[in-house]
There are 2 protein chains.
Amino acid sequence: MADGRHSPAVRGDTLLFLTDEQLRQGSEAMFFAYRGFTADPDRILSDLAYGRAHHRAIHFIGRAPGTTVNNLLNILGVTKQSLNRVLRTLIADGLVLSEVGRADKRERHLHLTEEGRALERKLSDAQRARLRAAFREAGPEAVAGFRTVLEAMMDPEMRASYARLKESGT
Amino acid sequence: MADGRHSPAVRGDTLLFLTDEQLRQGSEAMFFAYRGFTADPDRILSDLAYGRAHHRAIHFIGRAPGTTVNNLLNILGVTKQSLNRVLRTLIADGLVLSEVGRADKRERHLHLTEEGRALERKLSDAQRARLRAAFREAGPEAVAGFRTVLEAMMDPEMRASYARLKESGT
DNA sequence: CAGTTTATGTCAGCCTTGTTGACACTCCAA
DNA sequence: TTGGAGTGTCAACAAGGCTGACATAAACTG
């Protein structure tokens, strides 16, 4: 294997959780859990003409109303062409409003319409229901650990975005 | 919001971790962390002519050598046409061997070639390095919680697949 | 004021990876 | 022998990534 951690006992009990086998189980857990995580919204979206990309846009616009296109681009980590395709349909369908910036008229500030908020709620309710069940089943300490590990897995810029959103929600 | 958990204090301190805000932060953490989780292998794969789908196939074939196409189909949760396209290129490129079953000649048993194993190692080393850093940073208790929550988030069938793989690795 | 940079939108084209539907072949089991 | 399971393959299509090129308006800079 990668670095010779075949035998858990080598470094003593405290590092048992860092064996290759433990790490592999961790990545498989991420894979299967992410599937579950997206399953419920995906089902809702497939009935409408939308996909996961629309969900992400709606989520982050709902989370930070008035955000600019550029900001959304940074959070989502896609190209403006990709995002624009999604935004165009959401605006055309009346779920998102794009208004010219007052201070800087080049910017567009994005908001959800009432209809957009309704879909956002529907999607996040579905997702939260699963997460809530999982959190409740696992208990508060497990949840704290879950969040700590996820945060440590992020790229630094993503961690910054995440922290900014976390603050804004308080 | 969904079920009136606006005010954390309502149900007492023990359920503070189940507020809508906490759940939203949890889903955002999943989103950002999954990006980090796939970033390193993605970089390696984009140099070759492969994508994430190839990585997944290689991973699970490496994990369960001799597995059948149907079994892989169940684990990956895609159609046989999707999987077949990926397998075809991997077989053509000499990374995967498909051998006719001895007991049941309809089945194909999949194995990695030496070259396939080399790529598998390269990819999972990259992924494990990040996971190892995150695990080490978070500590054993956080890791335990992380795994508990992820497992609780899975669909039941996925949880079963995950458990089967976990056992086989012991 | 002229020129550059920034923010955004849009067109065209390509890739991966998912989907459905249809069909063929082999082989097992009743 | 017939039905069904496991597998492979063809065709067509869609979502959602990507790059490159170009347009526009506004802001900034010398």
Side-chain angles (χ1 to χ4, degrees), chain A residues 31 34-35 38-39 41-61 66-93 96-111, chain B residues 31 34-35 38-39 41-61 66-93 96-110 123:
Chain A
F31 171 70
Y34 200 75
R35 283 256 293 283
T38 55
D42 281 356
R43 262 189 292 277
I44 294 170
L45 289 158
S46 70
D47 291 342
L48 310 156
Y50 298 134
R52 229 176 261 182
H54 299 84
H55 181 192
R56 292 195 285 260
I58 288 175
H59 174 96
F60 287 109
I61 294 171
T67 188
T68 64
V69 172
N70 224 1
N71 183 35
L72 203 50
L73 240 32
N74 289 329
I75 287 177
L76 296 177
V78 297
T79 59
K80 63 172 181 172
Q81 292 92 328
S82 279
L83 175 58
N84 196 254
R85 177 169 36 200
V86 166
L87 281 182
R88 216 182 315 165
T89 71
L90 291 176
I91 291 168
D93 295 353
V96 167
L97 273 180
S98 165
E99 57 178 27
V100 174
R102 277 172 306 178
D104 186 335
K105 292 177 190 164
R106 290 169 307 179
E107 295 180 338
R108 300 298 138 89
H109 296 280
L110 304 169
H111 299 269
Chain B
F31 171 70
Y34 199 77
R35 284 257 292 284
T38 55
D42 281 357
R43 261 190 293 276
I44 294 170
L45 289 158
S46 70
D47 291 342
L48 311 157
Y50 299 134
R52 231 177 258 182
H54 299 85
H55 182 192
R56 293 196 283 260
I58 288 175
H59 174 95
F60 286 110
I61 294 172
T67 188
T68 64
V69 172
N70 219 13
N71 182 35
L72 204 50
L73 239 33
N74 289 329
I75 287 177
L76 296 176
V78 297
T79 58
K80 63 175 179 171
Q81 292 91 331
S82 273
L83 176 57
N84 196 254
R85 176 169 36 200
V86 166
L87 283 181
R88 215 183 316 162
T89 71
L90 291 175
I91 291 168
D93 295 353
V96 167
L97 274 180
S98 166
E99 57 178 27
V100 174
R102 276 171 307 179
D104 184 337
K105 292 177 191 163
R106 292 166 304 178
E107 295 181 340
R108 300 300 137 92
H109 296 280
L110 304 168
L123 292 170

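Convention: sequence-line order gives letters A, B, ...; per-chain numbering from 1. Everything numeric here is computed off the predicted structure, so don't read it as measured data. Excluded from the calculations below are hydrogen atoms, water molecules and symmetry mates; all remaining heavy atoms, backbone and side chain alike, are included.
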> Over how many whole Å does the gap from Glu107(A) atom CD to dT6(C) atom C1' extend?
Replying inline: 10 Å
>> Parallel, tilted or perpendicular, judged at 30° and 60°: which one describes the rings of Phe60(A) and Phe31(B)?
In response: tilted
>> I want to check one thing: is the phosphate of dG16(D), taken as OP1 and OP2, less than 4.0 Å away from some side-chain N or O of His54(A)?
In response: yes
>> What is the distance, to the nearest angstrom, from the CG atom on Asp42(B) to the C1' atom on dT16(C)?
In response: 12 Å
> Rounded to whole angstroms, how far apart are CG on Leu110(A) and P on dA7(C)?
Replying inline: 14 Å
> Between Arg52(A) and dA15(D), is there a side-chain N or O to OP1/OP2 distance below 4.0 Å?
Replying inline: no
> When you measure from the side chain of Arg35(A) to the backbone N and O of Leu76(B), does any donor-acceptor pair fall under 3.5 Å?
Replying inline: yes
>> On DNA chain C, compare the nucleotides closest to Lys105(B) and Ser82(B); which residue's is nearer the 5' end?
In response: Ser82(B)
> Looking at dG8(D), does its base get a donor-acceptor pair with the side chain of Lys80(B) below 3.5 Å?
Replying inline: yes
> Any side-chain N or O of Arg108(B) under 4.0 Å from OP1/OP2 of dG8(D)?
Replying inline: yes
> Has Thr79(B) got a side-chain N or O lying under 4.0 Å from the OP1 or OP2 atom of dG18(C)?
Replying inline: no
>> Using 30° and 60° as the class boundaries, would you call the ring planes of His59(A) and His55(A) parallel, tilted or perpendicular?
In response: perpendicular
> So, is Asn70(A) near the phosphate of dT8(C), with a side-chain N or O under 4.0 Å from OP1 or OP2?
Replying inline: yes
> How close or far is atom C1' of dG8(D) from atom CZ of Arg106(B), stated in whole angstroms?
Replying inline: 14 Å
